Trainee: 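The structure that follows is given in the form of structure tokens.
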Amino acid sequence: MRDHPTYPLLTPRGWLVFALVGLVLLAVPAANQWAATGSAAHLPDYLVPLIGKYCTYAMLALALDLIWGYAGILSLGHGAFFALGGYCMGMYMMRQIGTRGVYGNADLPDFMVFLNWKELPWYWQGFDMFWFAALMALVVPGILAFVVGWLTFRSRVTGVYLSIITQAMTFALLLAFFRNNMGFGGNNGLTDFKEILGFPIQAQTTRVGLYVASVIGLGLTFLICRAVVTSKLGRVCLALRDAESRVRFLGYSTTGAKLFVFTLSAVLAGLAGALYVPQVGIINPSEFSPANSIEIAIWVAVGGRGTLSGAVLGAFAVNWAKTWLTGAAPEVWLFFLGLLFVAVTLLFPKGVTGLVQQVRNRLATRAIPRQAEGD
Amino acid sequence: MKQSRVPRRGPERGGAGQPADAAPQSWIRRAAAGLVAISAFLLIHVSASAATLEDLLAKLATDSFAEKVEAAEALGSLGDGRAIPALRALTDGRLYARKDAGPVIEDGSVFRDALTRQPVAGLAAADLDKVRANNRLRGVLEGALSKLSLFSDVKAERLAAARDAFKVGSAEMATTLERALATEKDTDVAAAIRFSLTAAKISSGTPEQRVLSIRELAGSMDPQVRNLIAGVRNDASQPKEVKDAADTALAAMDRKLMLSGIAENLFQGISLGSVLLLAAVGLAITFGVMGVINMAHGEMIMLGAYTAYTVQLVCRALLPPEWVGSYLLLSVPIAFVVAGLVGVLIERTVIRFLYGRPLETLLSTWGISLILQQAVRSIFDAQNKEVANPEWMTGGFELIGGFYIAWNRLYIILFCFMVLGAIALVLRRTAFGLHMRAVTQNRDMAAAMGIPTARVDALTFGLGSGIAGMAGVALSQIGNVSPNLGQIYIVDSFLVVVFGGVGNLMGTLVGAMTLGVVNKLLEPVAGAVLGKVVVLVAIILFMQRRPRGLFALKGRSVDA
């Protein structure tokens with residue numbers, strides 16, 4: 001068998017950009033903590049968790065881009081993996097409240113006392129330990145993705161059918177988590193967190209710590225995704241996206257490849273969710289709503305599907321626009337988002353990165369004849 | 001059960017006039033004894049009542065309250081319907097005593113004799129003395145009237161009294177009921193009396209009578225009867241055979257109640273299924289023909305519902321009152337046209353540029369759905385709107401014990417099948433339908449045969465959206481209209497399409513009905529939410545066996 005061409009994880013220029021972006025992102029808390037209040041370089045406190053939230057969204061976008069942009073599987077249920085990761089972290093922080101809750105019960109979270117529960121359900125056991133909760137935040141979405149993926153890929157459910165199935169999955173979870181007797185706080189979800197790993201959750205230093213963790217998480221996610229797409233598996237995935245039957249006829253196990261990428265993507269989404277919840281301070285069933293999951297797709301599409309940097313860019317751009325518009329003119333936001341969906345699919349199918357590439361190509365083709373003239 | 005009733009009736013009736021003979025006898029002897037007893041009773045009773053009714057009425061018009069009470073009580077147990085007007089008149093203060101004859105009743109401007117009810121002329125005001133009532137007397141009068149209503153001339157009154165008697169269930173009431181039954185000629189009233197009499201026997205009869213009565217009532221679906229028998233069952237003082245009979249009866253009743261519950265769930269399920277069908281059939285058509293998932297389909301439903309709301313407003317403003325009820329019929333075609341035009345517009349401006357890219361179509365139509373939702377919210381505000389049921393759609397009727405059918409649900413089921421029939425006709429009998437089916441089966445070949453596929457696409461999208469609009473009119477009749485109306489049904493509609501298979505009306509029909517019925521049957525067992533989750537999981541598992549749905553389109557095409 002011929003060796004396939006090997007790709008570097010990142011080109012030297014790529015590493016440079018990676019480091020620069022990392023530095024800029026890490027400069028945010030520095031500007032908040034060390035620049036004097038009132039100076040031009042000082043960032044207000046609220047921006048730190050906000051940009052931290054964007055970082056976790058970018059991780060989520062990367063996870064979806066991996067599965068959609070590279071393997072051609074449009075999952076409309078990635079919000080569910082994100083929310084499950086978030087719930088795991090939320091359960092840990094719920095247990096950390098201890099006797100500081102409204103009812104002062106050391107063993108049970110407030111909502112369970114309210115529901116007259118006598119003891120902790122079995123699936124809450126172990127969530128008082130951080131390492132266990134962190135592990136579960138990755139394992140639970142992973143297992144769900146593995147099971148759903150195995151069931152669907154095995155029977156060759158593809159295209160829009162798969163999208164609908166994943167949407168139904170997140171819809172089912174939405175309904176289930178709304179139920180009080182599921183034991184996840186029902187409608188209100190989990191909130192009123194006090195501390196994480198012993199640090200008070202409201203303190204600005206804790207927020208900066210969480211922010212740094214999110215930036216590191218984003219960097220790690222980017223590198224993991226990059227490692228996958230530059231590997232041989234990544235090539236198979238690309239081929240899958242473009243002509244699945246042909247890949248199968250060539251003797252590749254498409255089910256295995258898809259299953260691996262789908263599960264990995266769900267784990268990354270779970271990680272994003274686990275970092276997201278401590279920064280926003282609440283997790284409730286609305287995170288499972290199908291609309292949230294579709295929105296992730298538009299982040300990826302805006303940035304440029306099939307390019308990892310595009311996914312990050314798109315997540316930041318769309319969410320920044322959302323923060324700004326929902327504050328400035330709430331009724332315009334849905335018009336804007338809707339138009340974004342239509343415009344991106346219709347006019348810029350490759351997103352911003354594609355647009356940049358196009359412009360660059362055009363400049364290059366124009367440059368060649370000019371060079372020829374010069375000669 | 002009927003057999004036990006026939007021989008028993010003899011001694012029972014006899015029991016009204018003389019104590020019932022409880023000793024076991026052959027039914028012929030009992031029937032013979034009963035006949036004798038009845039004739040004897042009737043003879044004595046009629047002559048006695050003719051004699052005493054007049055006396056009692058006169059006694060009612062005396063000055064002494066004690067005597068009036070006595071007379072009212074006697075009249076109540078006398079069981080003669082002719083006493084009713086006098087008793088009522090006394091209650092209302094319209095009874096007057098005459099010096100030389102029986103009392104008269106004031107009836108508008110004339111006075112009538114209390115017994116014969118003939119107008120009495122030439123009465124001077126001085127001759128008349130109003131008969132007064134106090135609270136104690138009023139109480140007695142009410143009791144007497146309630147017993148006497150069983151003997152009233154008006155059928156509705158007798159029927160109501162017979163039904164009310166069920167709640168009393170005393171031995172005294174049983175006696176009155178038996179007497180009423182003996183003279184009752186109307187079969188409906190007789191049945192009601194017999195029913196209440198049997199119930200009274202459960203509370204007050206001999207153990208044998210109780211057992212028989214319980215057995216007889218076991219066929220009833222009335223929750224009151226169930227409570228009565230359950231009360232007997234839980235009463236420790238009852239003999240064992242009575243309790244056993246109560247047990248058997250309760251089991252039978254519960255079985256029946258369960259069956260009627262299942263029937264009700266089934267109806268609810270079919271109702272939900274027809275709603276899902278209306279919502280999903282347009283989706284199935286567009287998906288089948290164009291391979292396009294239209295995420296804005298739910299918003300077409302919403303547009304249809306808002307069209308109905310607008311038409312309702314316009315009709316109320318412009319039409320004469322007797323025509324206002326027609327707004328619903330009017331809004332069906334209007335909703336079809338409005339949603340259909342919006343559909344064609346979407347197809348021409350967005351979707352046709354995205355053929356062959358189903359995932360992108362999915363995203364862009366989602367964007368359109370957001371725009372439409374926000375547009376409606378901006379125009380009509382975010383409050384829920386109500387499209388009122390026209391008169392012929394309000395209320396409902398009870399089919400069998402406790403199984404209630406609401407008109408609006410029934411009409412929606414009918415409407416749904418009419419729409420389905422119309423679509424089937426279009427698909428099977430028109431050139432457009434032929435083209436549509438050809439494009440569904442093989443787009444390239446259809447184009448090669450000269451079918452204008454682009455136009456077929458646009459019209460199909462319009463048709464699918466128009467049907468969704470009509471679905472919206474139907475939905476406006478069973479719930480409020482809000483900008484998120486479409487979102488509620490969209491996931492379910494997708495599941496119907498995925499489950500039933502695309503491009504196939506039969507598949508959509510079976511898919512929608514199955515989902516609707518299964519959902520509603522699971523609801524009492526698992527709860528509404530969990531039931532839905534179970535259905536979703538079941539569909540995901542189902543897709544293992546049939547990834548292309550229940551009725552997959554068989555074709556030779558293979559994806560690239």
Side-chain angles (χ1 to χ4, degrees), chain A residues 68 72-74 76 147-148 151-152 154-179 181-182 242-246 289-291 294-295 297-298 300-301 305 331-347 349, chain B residues 287 291-293 295-296 346 349-351 353-354 357-375 377-378 382 483 487 490-495 497-498 502 527-537 539-549 558-560:
Chain A
W68 182 34
I73 303 164
L74 176 54
L76 294 183
V147 172
V148 171
L151 287 175
T152 48
R154 199 181 57 119
S155 51
R156 293 184 191 165
V157 175
T158 52
V160 283
Y161 276 98
L162 190 107
S163 303
I164 297 303
I165 290 281
T166 49
Q167 189 182 38
M169 177 194 79
T170 189
F171 188 61
L173 284 168
L174 169 78
L175 293 178
F177 272 73
F178 263 125
R179 301 178 69 227
N181 46 3
M182 272 288 281
D242 296 335
E244 181 167 350
S245 302
R246 224 171 291 177
S289 84
I294 295 192
E295 229 180 283
I298 206 63
V300 176
R305 183 189 153 199
E331 64 281 0
V332 176
W333 162 243
L334 275 184
F335 281 127
F336 174 77
L337 187 65
L339 280 176
L340 203 59
F341 270 104
V342 177
V344 166
T345 47
L346 217 53
L347 306 175
Chain B
F287 191 22
V292 157
I293 276 283
M295 283 291 201
I346 292 173
T349 52
V350 176
I351 290 172
F353 300 109
L354 294 172
R357 293 192 288 160
L359 297 182
E360 273 89 341
T361 316
L362 191 154
L363 292 179
S364 66
T365 48
W366 174 262
I368 293 169
S369 86
L370 293 181
I371 295 173
L372 287 175
Q373 273 180 51
Q374 189 56 45
R377 208 170 284 140
S378 301
Q487 298 291 305
I490 193 74
V491 175
D492 280 338
S493 315
F494 282 144
L495 290 181
V497 173
V498 165
V502 295
V529 172
L530 207 60
K532 207 157 204 166
V533 175
V534 169
V535 169
L536 287 173
V537 173
I539 287 180
I540 294 180
L541 290 179
F542 167 81
M543 299 277 289
Q544 300 308 301
R545 309 281 310 164
R546 309 286 286 261
R548 296 275 158 193
V558 67
D559 57 329

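A quick note: this is a predicted structure, and the numbers were derived from the prediction, not measured.
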Trainee: Counting only non-hydrogen atoms closer than 4.5 Å, does A:W68 touch chain B with its backbone (N, CA, C, O), its side chain (CB onward), both, or neither?
Mentor: side chain
Trainee: Heavy-atom distances under 4.5 Å only: say whether B:V491 touches chain A with side chain, backbone, both or neither.
Mentor: side chain
Trainee: Could you look at A:A343 and say if it's the side chain, the backbone, both or neither that has a heavy atom under 4.5 Å from chain B?
Mentor: neither
Trainee: With a 4.5 angstrom heavy-atom cut-off, which part of B:L541 approaches chain A: side chain, backbone, both or neither?
Mentor: side chain
Trainee: Can you tell me which portion of B:L362 sits under 4.5 Å from chain A's heavy atoms? Options are side chain, backbone, both or neither.
Mentor: side chain
Trainee: Output the option from A:R156, A:M169, A:R179, A:Q167 having the highest count of non-hydrogen pairs under 4.5 Å with chain B.
Mentor: A:R179
Trainee: Could you pull out the closest heavy-atom pair between B:A296 and B:T365, with the gap in Å?
Mentor: CB-O, 3.5 Å
Trainee: Mind listing the closest non-hydrogen atom pair of B:L359 and A:G72 along with its distance?
Mentor: CD1-O, 3.9 Å
Trainee: Below 4.5 Å, heavy-atom pairs only: which of B:R377, B:E360, B:M295, B:Q487 has the largest tally toward chain A?
Mentor: B:E360
Trainee: Which atom pair, heavy atoms only, marks the closest approach of A:F335 to B:S378?
Mentor: CE1-OG, 4.0 Å
Trainee: Considering only heavy atoms and a distance below 4.5 Å, find which of A:I164, A:L76, A:L339 pairs most often with chain B.
Mentor: A:I164
Trainee: Anything under 30° is parallel, anything over 60° is perpendicular, the rest tilted; go ahead and classify B:W366 against A:F341.
Mentor: perpendicular
Trainee: Counting only N and O atoms by type, is there a donor-acceptor contact under 3.5 Å from the side chain of A:S155 to the main-chain atoms of A:L151?
Mentor: yes
Trainee: Which atoms form the tightest heavy-atom contact between A:T345 and B:S364, and what is the distance?
Mentor: OG1-CB, 3.1 Å
Trainee: Does any heavy atom of chain A fall under 4.5 Å from the side chain of B:I371, the backbone, both, or neither of them?
Mentor: both
Trainee: Based on non-hydrogen pairs under 4.5 Å, which of A:P349, A:A172, A:G159 is most in contact with chain B?
Mentor: A:A172
Trainee: Any idea which heavy atoms bring A:L174 and A:S289 closest together, and the distance?
Mentor: CD1-N, 4.0 Å
